[in-house]
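Reading through the structure tokens given below for one structure.
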Amino acid sequence: MKTQGRKNVHGKGGVRTKAAFTTSKYKSMLRTLVTDLIVCGSVTVTLSTARDLVALADKMVTFGKRGDLHARRLAAATVRDVWADDKHTVTALQKLFNEIAPSYKDRNGGYTRVLKVANRKGDNAPMAIVSFVK
């Protein structure tokens, strides 16, 4: 017989979902990571997150290559509004559309690369470095 317990409490009967990690939190994390990738050029994440990040980053570069107003607004819905330089003159979205996307005008996809690195010390999670292809 199935146990009758509180929902969303670990170790109790009736737990159906993982309590601390929701879809909205995961999407928010990916938005932050793609913004950091645009600003810094590379980020170190777990391997499973890297696969989702590559898909989103390639989509943002494709929007940048289109370059029209609609593509800029679609990209602005994902990329966070942060400064991309120390002098506070260029935002991450401007850097995407003015610097990163024009450098890939002759390339059809594959704008990012994933390099596997050593496992993380605390929980032995496989790590990867995601960066833009030069």
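Residue numbers start at 1 and run along the sequence shown.
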Same cluster or not: are [X] and [Y] linked, directly or through other Ile, Leu, Val, Met, Phe, Trp or Tyr residues, by side-chain heavy atoms under 4.5 angstrom apart?
X      : Y      : answer
Tyr26  : Val79  : yes
Ile100 : Val43  : yes
Leu37  : Tyr111 : yes

What class does the angle between the rings of Trp83 and His88 fall in, given that below 30° is parallel, 30 to 60° is tilted and above 60° is perpendicular?
->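 Geometry flag for His88 against Trp83: perpendicular rings.
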Is it true that a side-chain atom of [X] and a backbone atom of [Y] form a donor plus acceptor pair closer than 3.5 Å?
X      : Y      : answer
Lys59  : Val54  : no
Tyr104 : Val133 : yes
Thr91  : Val82  : no

Cation-pi between Arg72 and Phe63: NZ/CZ under 6.0 Å from ring centre and within 45° of the ring axis?
->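 The answer is no; the distance or angle limit is not met.
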Shortest non-hydrogen contact from Leu47 to Lys116?
->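 Heavy-atom minimum between the residues: CD2-CE, 3.9 Å.
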Indicate the atoms forming the closest heavy-atom contact of Ala84 with Lys95, along with that distance.
->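 Scanning both residues completely, I find the closest heavy atoms to be CB-CD, 3.9 Å.
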Flag yes if more than 12 heavy atoms outside Asp68 fall under 6.0 Å of its CG atom; otherwise flag no.
->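 Yes.
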Between Asp85 and Lys87, is there a side-chain N and carboxylate O pair less than 4.0 Å apart?
->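 So Asp85 does not pair with Lys87 through a salt bridge.
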